[in-house]
Each structure stands twice: as structure tokens, then as C-alpha cells.
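What you see below is based on every heavy atom in this structure, not just the backbone, and it leaves out hydrogens, waters and symmetry mates. Naming: A, B, ... by sequence-line order, numbering from 1 per chain.
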Amino acid sequence: MREITFAEAIREALREEMHRDPSVFIMGEDVGVFGGVFGVTAGLYEEFGPDRVRDTPISESAIVGGGLGAAMMGMRPVVEIMFGDFLMCAGDQIVNQAAKARYMSGGKAKVPLTIRVTTGAPGSAAAQHSQSPESWFMNVPGLKIAVPATPADAKGLLKTAIRGEDPVLFFEHKMLYAVRGPVPEDPDFTVPFGEANVVRPGRDVTIIAIGGMLAKALAAADALAQEGIEAEVIDPRTLVPLDKETLIRSLAKTGRVVIVHEAHKRAGPGAEIAAVLAEEAVEYLDGPIVRVAAKNVPIPYSPVLEEEVLPGAEDILAAVRFLTAGAKA
Amino acid sequence: MTLVREFELRAIEERRNGLIPGFIHPCVGQEATAVGACLALAPADVITSTHRGHGHLIGKGGDPRYMMAELAGRSTGYCLGRGGSLHIADFDLGILGANGIVAGGIPIAVGAGLAFHLRGEKRVALAFFGDGAVNQGAFHEAANMAGLWKLPVIFMCENNLYGEGTPQHKQAPIADLAARAAGYGFPGIIVDGNDVLAVYEAVRMAAERARAGLGPTFVEGKTYRQRGHYEGDPMVYRTQEEMEYWKARDPVVLFRRRLLEAGIFDEQTLDKVHQDVLRQLDEAVEFAKSAPIPKAEEALLGVYGDTHNGLVF
Ligand SMILES: Cc1ncc(C[n+]2csc(CCOP(=O)(O)OP(=O)(O)O)c2C)c(N)n1
């Protein structure tokens, strides 16, 4: 299969969906002429024009609220929030409006709204441009949350988001944009929500890795294989809905679990996943559930400080060795 | 207007009687802005409403039976008893929802206007909001975007002089909120918000402008909320004198007088209209009382709309 980058995969999904369905349009800060600050929407403005690839003022609440109103009127807007950190500027429109419109109207409001947003640390962007805010919204019923880790998933999950009936927060890790991978060319290729991907099978420990951490988890699994430890690496792909069954099935096989994400550890996505496993699958656990995540400080600027705070492959190795030490002795 | 007035009074009564749980924010005294603005719209036009939304909904054609049932938290209410007074929506009538968040509906109306613009439809979106809402960021972002893109949006401000217990002059350094429209490149019009015909005329012109592709208009209706912010509000923040001044300018009474003076209707006809309204509300209350109460497990349905069958996960 041909290989394209994560950014190209997203652009391809957008372009195909815009061709397929005239109600799909894009709006956000610098998504048009500029092509998006990460270049994701490059070329779409030329192809679809300023109406459907709409440069907006720097107004996060109006971008999300405007997308919501258009979605309620039967459009399928894909709005872009340049940095996940800025989601809070649109907090009300996301949390109180989009997430709740369908439920509190008794099903009268339909909200096919996709909110594309960048997540994670791009390197020395410091505390207001490096956050991974996925879990802030996991607590809000009514939103769906996708966190693709590969180009193929980025394309397939984004198409599912655009074709779906609900507001989706679609988190794109900034460091993944340049990553290449095989991506199907079939314009109807989609990846369903709520189906975790067992990226690498194994029997000794389950590593659940989210978004940008998948590659690091796979690197760790390679290193562990050298030591005779077979790690199963699972990417949940969507945090809401969460594919509990696949996670529990893996845990039943391995008895050990490490959850890896770049969001802060405290009340991060791993906290929820750990709670689900403890609540529903405690009998399979041969040890504590271990979380590898960013330390609970704002993301610092200086590379050495930043590296200390963010989780890396070494941290995953340490967590797995800690869990498997008893078994090996 | 009579239906709005009597609906409010009846809802207040039924809340005292225990039929209705939750809050009611009555719009008694503001019927002219609600009704005048809605009547100037076409059926295909849409509105977003506020916490003080009963008048807007009735103005746009909302059925008092389903409204009363929703206030009573019943299954046959507009939102299946999940929304209550603050969230009533009926997309068939172009009611995109009342809103529990001050200014929350304004960007949504702009988004609806954007959808009309993109599809080349000659429809208009009108956002109702109070004087307090124009101090929210959401208003400014939405007004800027609508002005920039010349969207078919009407910003309908019901300036009732108070945001909860704080008077407008303690919330904004200008007396005429319509002045804010200038900053976003569209006209701001001030009307007597207790004169239903004046409101109607201003919104009709704004809708014409919007349909012609000339963009938004801000209409400020100067009016007054005769009752508390919510039912039960002790209203320590205003004087008897002020309330009497406005009571003498009651929009429902004024319009009745005008109709009589112009010889359009006689007393008898207007009394009959009033009686019809009361009968309609008796029916609405009966409808609500006899409506089924939702089953507890229904609370878990309808969060999502997709293949997951609307189940919670
Ligand atoms: C964002 C937000 N802040 C505060 C409140 C609490 N609140 C409800 S109504 C209200 C006053 C609103 O005043 P105004 O916009 O003038 O509308 P009015 O009540 O006068 O109709 C306030 C502060 C709220 N619902 N939402």
C-alpha cells in the first residue's frame, strides 16, 4: 500500500468527504489561504474556495458555536481549533452547548460537528501550547473523543467523525503530522469508533498506549522482546466510546497492564481506564495497574525540563520491568 | 401577547401547586419584544432563545400543551422531560432552543445564519438575549463573525434594565447597547420594547436587510421585566416607583388600548380572545397533568444519535 503522512491522511479524508457531501465545510483560524498552521488543510482553499474552507477571526467560541448552529441546520462542519490548549476559550460551546444539545432537546437537535484539534507537546512550546486535554472532555457526556495514532487511523476515524451524528473532539498529535504510514485509497475506508486496535500481540503484559505514545510503546515492546518479555500493545483509538472488551480480553491473557499517555497523570485518560479495569476485571490482575504519563506540572519550555516531565519509552520499560520483576524472580 | 402573559401566570400558579419543579424565569412585561420580533419572521426562519424564553417560543408558534408538559417534566413535553423550561426546542418551528447559559445561543444563531448563507437560502436566524448577555465574550465573537461575513442574523436584545439583581448601568458603561453594533460593522436600532408594532417593524426591516444579503442588525428593545428574575426573587434591588412607572406602560394593556382606539376590535371581541386563551391554558395544564411521567431508565437514552443506539457509554 502507498504510504502518506498523518497530515496528508487527514487532508485526504477532508477532501474526499467534501467531494462526497456538499454539506461538509471547514472553518477555523488560518485554515484557508495559510493552509493551517501545521499545513494540514493546504490546497483545500484553492480546491473548494473561501466559502467551504473558511478563514475565521480568532474567536474559538464563535468557531465552535458557529459550527454547532450550522450542524443543527443540517450542515456537517469540521472546525479546527489550532491548539488543544485553546479549547477552554470555547469551553461553553463545547461542554454546555454541543455536548448537551441532543439530549436536553429530547433528540430534536442533531449535532454532526467535528472539532479537529491539535494535542501534545511539539517540543519547547511550553505550557500553553503543549497540553493533551483529552481527559478534560472525557468527563462530559455527549462528546465523542478520537485520538488517532497512525495515518490510516487518522483518515478512517476522521471520516467516521464527519459522517457521524454526534459532536466529536478529534485530537491530532502535533508530532505525528510528519509520520508516514500505509493508508487505504478506498474513499469509503472508515475506522469505526469504539474498536481498539491490538497493534502488537503479546502474552506477558498489556501496554495500552494513546495517540502520540503508541510509537514509544512499540519501541519499548521491541526492547522488551530482547529481554524475553512479550508485550501486547493496544491502541484504544477512541477514548469515548472506549472499547472495554478488547482491553479486558488482553488483561485476561497477560494479567498485567501499563497505561501510557502524554496527558498529565492525575485524572488523565489512564485514570479512567485504570478504574474501568479495576472495577470490571480485577480478577485478572496479577499486580497494580501502572500509569506512565506526564508529571503533574505544566509542560516546561527548556528541552531538558520538558523531557523530564513528558513520558518516554524508558519510562514504559521501567514500568513493565517493575511489573514483571516478581514473575521472573 | 395575551397567551404569553397568561401562560406565564398559569405556569407560576402550577409551580405553586406542585405540578412544575425547577425554576421559572417569567417574561411578564416583555411580551412585546418576544411576540413582535417572532411575528416579523417567516416560518422557515429560526430563533435561539434564553432562560427567559417562554414568550419567544410561543411567539414562534410553540404549543402551550407541550411546553406545559415539558415544564412539568413529562414524557410528552417538547424535550421528553429532559430539558425543562431552560432548554425547550422545536426544530420544526425553527426554535433551536432556549438556553441556560447567558449568551450561549448567540454563536449558535450565527452558525445557523452561516448554514443559510452557504446554501444560498433566504432564511434568517434571530438570537434573543438580554442586556446582561452583551457583556459576554460569546456575544462579541458572534457579532464580529456575523458582521464580517454579512450573515443573515438579527441580534435581538431585550433590554429589561437588569441582569438578575444588577442594573444595566452597573454592568455596561453605555446606556444604549445598540451602539455596540457599530463596532462590528452593522446597524444598531433602538425601539420601544413595550410597543409590539415598533418591535415588529424594526425586526421586519432587519429581516429584509438580512435576506437581501446586507448582513446583521442589532435591535435593542427597551423594556422591563415586571416580576422577579425568577419566581420567588424578593426583588430588593428596585423601587416601587420604578415598577409603577413601567406597570403603567404594560405592553399588553397598551396594545389592547390601541386596538380599541383604532376601532379594529371591540371590547367584547378582545374579552373573547382572552377567554379563549384561558381555555387553551386549562387544556395545556390538563394535558400536562395527564401526561405520562418518564420511566427512570429513559434517563440513559438519547445522549448520542448514532449506531450505538443512543445508549450511554
Ligand atoms: C454564563 C452565565 N453566567 C451567569 C448566569 C446566571 N444568570 C442567569 S440569568 C442572568 C441574568 C441575565 O441577564 P440578561 O442577559 O439581561 O437577561 P434577563 O434575565 O434580564 O432576561 C444570570 C447572571 C448564567 N445563566 N450563565
| query | Does any heavy atom of chain B fall under 4.5 Å from the side chain of Thr56(A), the backbone, both, or neither of them? | reply | both
| remark: Bottom line for Asp92(A): the part with an atom under 4.5 Å from chain B's heavy atoms is side chain
| Asp92(B) versus chain A, the contacting section by heavy-atom distance below 4.5 Å | neither
| query | Under a 4.5 Å heavy-atom cut-off, does chain A meet the side chain of Ala138(B), its backbone, both or neither? | reply | both
| said: Nearest 0.5 Å, please: how far is SG in Cys79(B) from NZ in Lys108(A)? | reply: 6.0 Å
| query | Roughly how far, to the nearest 0.5 Å, is CD1 of Ile106(B) from OG of Ser61(A)? | reply | 10.0 Å
| message | In the structure I gave you, are the side-chain heavy atoms of His87(B) and Lys100(A) within less than 4.5 Å of one another anywhere? | response | no
| message | Can you confirm whether Ile63(A) sits close enough to Glu141(B) that some side-chain heavy atom of one is under 4.5 Å from a side-chain heavy atom of the other? | response | no
| task | Using modelled atom types only, decide if a donor and an acceptor are shared between the side chain of Lys110(A) and the backbone of Gly305(B) within a distance under 3.5 Å. | result | no
| Are any side-chain N or O atoms of Tyr103(A) and backbone N or O atoms of Leu300(B), one a donor and one an acceptor, separated by less than 3.5 Å? | no
| Pick from Gly104(B), Ala89(B), Ala115(B): which one has the most heavy-atom pairs with chain A under 4.5 Å? | Gly104(B)
| task | Show your reasoning for whether side-chain contact (heavy atoms from CB on, under 4.5 Å) applies to His117(B) and Asp51(A). | result | CA-CA 9 Å; His117(B) 167 79; Asp51(A) 254 4; 3.7 Å; yes
Between [X] and [Y], what is the shortest heavy-atom contact and its length?
| X | Y | answer |
| --- | --- | --- |
| Leu118(B) | Arg54(A) | CD2-NH2, 4.0 Å |
| Lys144(A) | Tyr304(B) | CE-CD2, 3.4 Å |
| Gly107(A) | Arg82(B) | N-NH1, 4.3 Å |
| Met72(A) | Leu96(B) | CE-O, 4.2 Å |
| Val303(B) | Pro141(A) | CG1-C, 4.1 Å |

| task | Name the member of Ser23(A), Ala99(A), Ala109(A), Gly142(A) that forms the most heavy-atom pairs with chain B at distances under 4.5 Å. | result | Gly142(A)
| Pair Met27(A)-Leu114(B), side-chain contact (heavy atoms from CB on, under 4.5 Å): steps then yes or no | CA-CA 11 Å; Met27(A) 113 175 131; Leu114(B) 174 59; 3.7 Å; yes
